[in-house]
Structure formats: structure tokens, C-alpha cells
Amino acid sequence: MTDVSPLFRPFTLRGVELKNRIVMAPMTRSQSPGAFPNENNIAYYRRRAEADVGLILSEGTLTRRKGASNDANIPLFWGEEALAGWKQVIDAVHAAGGHMGPQIWHQGMSRKPGTGHFPDAPSDGPSGITLTGKKIGDEPSEAEVIDMAQAYADAAADAKRLGFDVIELHGAHAYLIDEFFWPVTNQRTDRFGGASIEQRSEFAAETIRRCRAAVGDLPIIIRISQWKSVDYNAKLATTPKELEGWARVLVDAGVDAIHCSQRRILEPEFPDIDGPKGLNLAGWIKKLTGIPTISVGSVGLSSEFTGSFRGEGSAAGKLDETIERLDKGEFDLVAVGRALLQDSDWALKVRQGRFSELRDYDGAALKTYF
Ligand SMILES: Cc1cc2nc3c(=O)[nH]c(=O)nc-3n(C[C@H](O)[C@H](O)[C@H](O)COP(=O)(O)O)c2cc1C
């Protein structure tokens with residue numbers, strides 16, 4: 001029988017006491033018609049807080065930049081009505097004993113032009129370059145880039161005002177912040193560009209510093225990924241030295257934790273160095289910088305998530321090795337996506353050892369909202 005106790009040890013993140021190590025991964029559900037969180041959204045998050053999720057990260061929710069999204073059913077994190085909805089979400093999560101932060105999101109050049117809440121607004125990106133390297137617009141001025149950074153900080157300030165416990169910046173998956181990290185989309189020659197990953201991290205650093213000024217002591221998490229939505233083999237850091245340089249910029253700018261997005265949590269980051277069972281991305285970043293890390297990817301399932309958008313399912317998988325790595329301190333928190341999307345009681349069932357009730361992930365779950 002799997003010993004799940006390491007998953008249920010408390011963890012303190014910059015003074016915020018989480019009751020266990022389970023994080024609900026941010027998952028866009030496009031269930032906020034009109035862009036404002038509603039009763040269904042409140043109930044969806046409350047259920048997970050009631051059922052032992054230690055930290056809930058919201059679905060990606062948008063900054064005030066008008067070109068931030070491709071889908072008008074994604075909730076905004078600005079404006080009176082949307083924020084009133086989010087206030088009800090966090091109050092419900094707190095009443096259920098949970099902790100939560102919004103994942104602040106700007107899709108950058110991943111957005112298809114002409115889509116989202118403001119179809120006429122231009123898309124933002126570091127250099128007007130698409131994810132396939134095509135130049136389709138002008139490079140924004142430095143002042144505009146700074147406004148893009150400030151838009152995250154404005155959302156962060158609102159998160160703090162509403163009573164959220166943490167904020168997460170979406171810096172992964174080829175969205176805006178990641179587009180600054182990535183040389184394919186960032187061809188700038190000013191202080192936001194450059195040949196090294198450290199130099200291309202300046203936009204993230206600017207954003208983090210502005211968020212820190214906006215939220216004081218509230219924990220700031222940034223989510224990053226090596227992989228891109230258009231290239232699963234992309235690597236921003238090809239060596240531990242590059243990885244350390246990248247992570248150091250983020251740590252020095254003021255983040256409290258790095259959420260390392262992988263599709264498979266057990267995949268080693270540098271197997272040439274420490275073998276096929278070596279440290280994963282979160283493990284390496286924690287080892288190199290000492291910063292708390294969140295790891296993620298196919299936890300409790302046997303295959304990775306991208307097929308879920310085509311309605312693919314995944315068989316339930318073992319948790320043992322993930323728990324062993326957590327117990328060894330390779331990373332601090334474990335984020336769970338699809339398993340918690342399908343089953344609001346997943347964490348509770350794990351804590352109570354009800355393993356036979358942990359079902360395979362059914363691709364149809366994407367269409368449900370409970
Ligand atoms: C329906 C769905 C929506 C997602 N939306 C987001 C998102 O808004 N922001 C984000 O950073 N990742 C998003 N992801 C990725 C998840 O956060 C997570 O990293 C991924 O599903 C892997 O975890 P899993 O294997 O436990 O599902 C999404 C995943 C799914 C399945």
C-alpha cells in the first residue's frame with residue numbers, strides 16, 4: 001500500500017501555511033461566459049477546496065491588455081464585474097479552508113488575431129513575430145513592453161486586495177512571458193532581448209519586480225516550461241549552467257517559487273548527467289537555486305495531457321515514484337491537472353487511501369464542469 005503521507009505534510013510558502021503538498025494545476029475551462037466568474041465557477045473551485053487540495057491555482061485569467069486572449073469565455077482579472085466574481089470565488093475557497101491564487105495570463109502571439117474579448121485589438125508579443133517565426137507586426141516600443149509588464153502587476157494588486165493567498169504568473173507554454181524567453185519570438189536588441197536566456201528573462205524580471213511592488217509580502221509563483229505549444233522538444237536552457245542563470249534572474253527579481261511545467265513529472269531534465277532516473281526540471285531548479293519548486297505532469301495518470309484537448313483519456317497510474325521524490329525533497333509541491341479536473345474529490349480519496357476509486361481519466365471530462 002502506497003504511503004501517501006509525504007503528500008499531506010504542510011508547507012509554508014512565504015508565510016502562507018498550506019495544509020498539504022497538492023496543488024490544483026491551472027486549467028483553462030472557458031466556462032465564464034461574459035468573462036466574469038459565475039456561480040458555477042465558484043462551486044467548481046469550492047468543491048476542490050472542500051476536498052483537500054492544499055493550493056488551488058485558477059485557470060489562466062487575463063490581464064487588462066486587450067489582445068490578451070483568444071476566447072471570450074475565459075475570465076478576465078480586471079474590471080468591476082469580473083473582480084466581484086473572483087471575490088466570491090476566493091471567499092468560497094477560504095470558507096472551505098482552502099488557499100488559492102489566480103494564474104495571471106496573457107497569451108501573447110499564441111492568440112489568433114481577431115479573436116477573444118476584443119477581436120479588433122492587436123496581439124502583443126516581444127517582436128511582432130509568430131510562434132513559427134513569421135514577422136506579422138511591428139516590434140512594440142519599450143514603453144509598451146513596460147505596460148504589458150505593469151498589466152500583470154495591476155492584476156496582482158487586485159488579487160491581493162480581494163484576499164487571494166498567492167499569485168502565479170503564467171510564464172510557460174509559449175505565451176507572452178515565455179515568448180520573451182524564447183529566441184524564436186524575441187528578436188529585440190534593447191534590454192528586453194539578447195543572445196542569452198538571462199538577457200531574455202528581463203521582461204519576466206521587470207514583471208516580477210512590478211508585481212512585488214504591487215503585492216508586498218504575498219507569495220509570487222512563476223510557471224515556466226522548456227517546451228512550447230508548437231515544439232515539445234524546445235529547450236530554453238540546454239545545460240544546468242543555463243538553467244541556473246535563467247532561474248537566478250527570476251529568484252533575484254523576487255519570486256518565491258517556480259512552477260516547472262513538464263508533461264511527465266518523472267522525465268529527467270538532463271539524463272546525460274544523472275541518468276534516466278535523474279532529477280526533473282523542478283528538481284534541478286531547486287538543487288541549483290534552493291528556491292521552492294512545484295512539479296507537475298501526468299500525476300496519477302499514465303499519459304500526458306496534450307491529447308486531452310482532442311478528447312483523449314488516460315489510464316490511472318501509480319503515485320509511488322512521485323511521492324518518493326517529494327519525500328526526498330527533490331521538489332516541494334505537486335500539481336495535479338486532469339485527475340482533479342475530472343474528480344473534485346481526488347485529493348481526499350488519495351489521503352483516505354481510496355485508490356480503487358481513482359478512475360481512469362475519461363476524455364469526455366473536458367466537456368463536464370463539476
Ligand atoms: C483542460 C486543460 C487546460 C489547461 N489550461 C492551462 C492554463 O490555463 N494554464 C497553464 O499554465 N496550464 C494549463 N494546462 C496545463 C495544466 O496546468 C497541467 O500542466 C497539465 O494538464 C499537466 O498536468 P496533468 O498531466 O496532471 O493533467 C491545461 C491543461 C488542461 C488539461
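Atoms within each ligand, like the ligands themselves, are counted from 1 in listed order. Given the structure is predicted, the values throughout are model-derived calculations rather than measurements. Values below: every heavy atom of this structure, side chains too, minus hydrogens, waters and symmetry copies.
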Side chains of E59 and Q31: donor-acceptor distance under 3.5 Å anywhere?
no
Looking only at side-chain N and O atoms, does Q107 offer a donor or acceptor that is under 3.5 Å from a partner on S110?
no
Atom NZ of residue position K235 - does it have more than 12 heavy atoms of other residues, nucleotides or ligands inside 6.0 Å?
yes
Please give the N or O to N or O pairs under 3.5 Å between ligand 1 and the protein, distances rounded to 0.1 Å.
from, atom 1, to, atom 2, distance (Å)
ligand 1, 5 (N), T28, N, 2.8
ligand 1, 8 (O), T28, N, 3.3
ligand 1, 8 (O), T28, OG1, 2.6
ligand 1, 8 (O), G60, N, 3.3
ligand 1, 9 (N), Q103, OE1, 2.8
ligand 1, 9 (N), H170, NE2, 3.4
ligand 1, 11 (O), Q103, NE2, 2.9
ligand 1, 11 (O), H170, NE2, 3.0
ligand 1, 11 (O), R223, NH1, 2.8
ligand 1, 12 (N), P26, O, 3.3
ligand 1, 12 (N), R223, NH1, 2.9
ligand 1, 14 (N), P26, O, 3.4
ligand 1, 17 (O), P26, O, 2.7
ligand 1, 17 (O), R223, NH1, 3.0
ligand 1, 17 (O), R223, NH2, 3.4
ligand 1, 19 (O), R223, NH1, 3.3
ligand 1, 19 (O), R223, NH2, 2.9
ligand 1, 25 (O), S298, N, 2.7
ligand 1, 25 (O), R338, NH2, 2.7
ligand 1, 26 (O), G337, N, 2.8
ligand 1, 27 (O), R338, N, 2.9
ligand 1, 27 (O), R338, NE, 2.8

Row check, Y44 ring normal vs R48 NZ/CZ: under 6.0 Å, within 45°:
yes
Please confirm whether R29 makes a cation-pi placement over Y369, using NZ or CZ under 6.0 Å from the six-membered ring centre and within 45° of the ring normal.
no
Can you classify the ring geometry of W86 versus F164 as parallel (below 30°), tilted (30 to 60°) or perpendicular (above 60°)?
perpendicular
